[in-house]
Visitor: 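Submitted below is the structure of interest, expressed as structure tokens.
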Protein chains: 2
Amino acid sequence: MDLGIERKNLIEELGVHLEGDHLAPLAARILATLILSGKKGVTFEELVNELNAGKSTVSTHLDHLQNTNRVTYFTKPGERKRYFIIDPNLILNVMEEMLNKWEKERKLHIKIRNYKEESNLQAAKTGDFQFDLEFQEDYLTFLNETSTAVQKLKTRLLARYNEN
Amino acid sequence: MDLGIERKNLIEELGVHLEGDHLAPLAARILATLILSGKKGVTFEELVNELNAGKSTVSTHLDHLQNTNRVTYFTKPGERKRYFIIDPNLILNVMEEMLNKWEKERKLHIKIRNYKEESNLQAAKTGDFQFDLEFQEDYLTFLNETSTAVQKLKTRLLARYNEN
DNA sequence: CTATTGGTTCGGAAAAATCAGAACTAAATG
DNA sequence: CATTTAGTTCTGATTTTTCCGAACCAATAG
């Protein structure tokens with residue numbers, strides 16, 4: 001099996017998958033390329049060539065990937081080129097993002113539960129429709145438990161990173 | 001505080017949040033409306049009116065929401081109207097989707113690890129660049145642990161649903 | 001000080017997603 | 001069987017996203 005071909009295929013497959021995470025097609029291909037290239041890093045020019053993309057496109061997406069803590073770069077002494085790599089904390093950052101999203105969701109569903117309780121209070125007088133709170137309760141349980149699990153893993157990984 | 005206003009606000013807020021999950025703006029508003037309306041259900045016409053949307057748009061998005069197991073409807077004897085509600089198993093379905101996505105991701109990263117190991121074997125001969133496998137290992141750990149946590153919760157919820 | 005390298009920024013073209021209107025259909029109603 | 005109700009389907013307009021080329025800039029090299 002030709003490793004070059006395999007590489008191209010994996011970039012596409014991983015790229016398509018990563019598009020699922022709010023990334024433009026080319027941004028996803030860039031991230032996939034970096035994941036597959038590891039710590040040796042990939043230069044701007046290599047990205048433009050390997051992905052057959054415009055410089056402006058690569059520049060914009062690299063910017064975005066850096067702003068969202070997915071990508072960084074290092075430089076070599078005496079060279080002006082940047083070697084782009086995935087952020088060493090990518091996994092932690094992904095977990096952090098999940099936790100933030102879930103926290104936002106939690107607050108929202110608490111607001112909704114309050115709204116429904118309030119509404120039930122009013123409706124009790126008029127004999128009107130009463131909301132069921134089961135969905136909100138279950139959803140909040142779901143959010144709490146998954147958050148706790150991810151939080152624990154995050155703490156554990158963090159400890160391991162610090163110890164090494 | 002006016003509950004009608006509060007309702008509108010929550011639909012918007014929840015709607016915006018739900019757009020984050022690959023839903024078109026109007027699809028997100030529909031789902032938000034259903035979440036806020038609970039088990040009494042919302043008819044097609046009410047959705048068209050409350051959301052100021054075209055019938056075709058509502059029809060298409062409702063279709064999609066049903067196909068992705070987020071929405072169902074019930075009918076009342078003698079009436080032709082449909083009362084749309086969130087799928088009673090929405091939470092389980094969401095968990096199921098998370099698990100599927102993570103499983104796909106797991107397989108992909110195993111492929112990538114294999115590619116890197118293979119590549120290292122080749123490179124060992126030529127003295128070429130060696131891949132680090134740490135990222136893949138950590139990512140797989142992350143996937144395994146979060147999957148297990150969600151799987152457990154799913155089982156637990158499922159048991160509780162069956163028992164009631 | 002001129003040329004080259006390694007990018008960035010700006011303006012718009014091309015493509016994709018989203019939505020709406022009009023015509024249509026199938027079931028029930030009168 | 002004509003009408004109303006409850007939607008569906010098709011076509012195209014509008015909006016948004018994605019991408020590119022050209023001009024530009026700052027740092028280094030010659």
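So that the names make sense, note that chain A is the first sequence line, chain B the second, and so on, each numbered from 1.
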Visitor: If you assign A:H61 and B:Q66 each to the DNA chain D nucleotide with the nearest heavy atom, which residue ends up on the more 5' nucleotide?
Guide: B:Q66

Visitor: Tell me, please, which residues at least two apart from A:V71 pass side-chain contact (heavy atoms from CB on, under 4.5 Å).
Guide: A:L31, A:L34, A:L62, A:L65, A:Q66, A:F84

Visitor: Going by the rule side-chain contact (heavy atoms from CB on, under 4.5 Å), which residues pair with B:K39 if we only count those two or more places apart in sequence or in a different chain?
Guide: A:D132, A:E134

Visitor: Measure NE2/A:H64 against P/C:dT8 and give the value in whole Å, please.
Guide: 15 Å

Visitor: Residues in side-chain contact (heavy atoms from CB on, under 4.5 Å) with B:T60, at least two apart?
Guide: none

Visitor: With respect to A:R29, which candidate in A:E50, A:E13, A:E19 satisfies the salt bridge (charged side-chain N to carboxylate O under 4.0 Å, His left out) definition?
Guide: A:E19

Visitor: Going by heavy atoms closer than 4.0 Å, what residues in residues 10-25 of chain B are next to DNA chain C?
Guide: B:A24, B:P25

Visitor: When you compare the protein's N or O atoms with those of nucleotides 13-15 of chain D, which come within less than 3.5 Å of each other, and at what distance?
Guide:
none

Visitor: Please give, in whole Å, the distance from D:dA27 P to A:K76 NZ?
Guide: 22 Å

Visitor: A quick test of your reading: do over 12 heavy atoms of other residues, nucleotides or ligands sit less than 6.0 Å from NZ of B:K40?
Guide: yes

Visitor: Roughly, in whole Å, what's the span from NZ in B:K81 to P in D:dT4?
Guide: 17 Å

Visitor: Think A:R29 has a side-chain N or O under 4.0 angstrom from the OP1 or OP2 of D:dT18?
Guide: no

Visitor: Please verify the inter-ring angle class for A:Y83 with A:F74; under 30° counts as parallel, over 60° as perpendicular, anything in between as tilted.
Guide: parallel

Visitor: Starting at OH of A:Y83 and ending at C1' of C:dT5, how long is that distance when rounded to a whole Å?
Guide: 13 Å

Visitor: I'd like to know whether A:E117 forms a side chain to side chain contact (heavy atoms under 4.5 Å, CB included) with A:L133, so could you lay out the CA-CA distance, the side-chain angles of the two residues, the decisive distance to 0.1 Å, and finally the verdict.
Guide: CA-CA 8 Å; A:E117 280 170 353; A:L133 299 177; 3.6 Å; yes

Visitor: Do any side-chain nitrogens or oxygens of A:R82 fall under 4.0 Å of OP1 or OP2 in C:dG7?
Guide: yes

Visitor: Would the number of heavy atoms belonging to other residues, nucleotides or ligands and lying under 6.0 Å from CD of A:E103 be above 12?
Guide: yes

Visitor: Could you check how far CD1 of A:I30 sits from P of C:dG7, rounded to whole Å?
Guide: 13 Å

Visitor: Could you pull out the closest heavy-atom pair between B:L99 and B:S147, with the gap in Å?
Guide: CD2-O, 3.5 Å

Visitor: What is the ring orientation for A:F135 with A:Y139, classed by angle as parallel under 30°, tilted 30 to 60°, or perpendicular over 60°?
Guide: tilted

Visitor: Would you kindly give the CD-to-P distance between A:E79 and C:dG7, to the nearest whole Å?
Guide: 10 Å

Visitor: With under 30° as parallel and over 60° as perpendicular, where do the rings of B:F129 and B:F131 fit, or are they tilted in between?
Guide: perpendicular

Visitor: Can you measure A:D63 atom CG to C:dC10 atom C1' for me and round it to whole angstrom units?
Guide: 14 Å

Visitor: For nucleotides 20-30 of chain C, give me one character per nucleotide, 5' to 3': B if any protein heavy atom sits under 4.0 Å from the base, S if the only such contacts are to the sugar-phosphate, - if neither.
Guide: BB----BBS--

Visitor: In this structure, how many angstroms lie between the P atom of C:dG7 and the CG atom of A:L65, rounded?
Guide: 15 Å

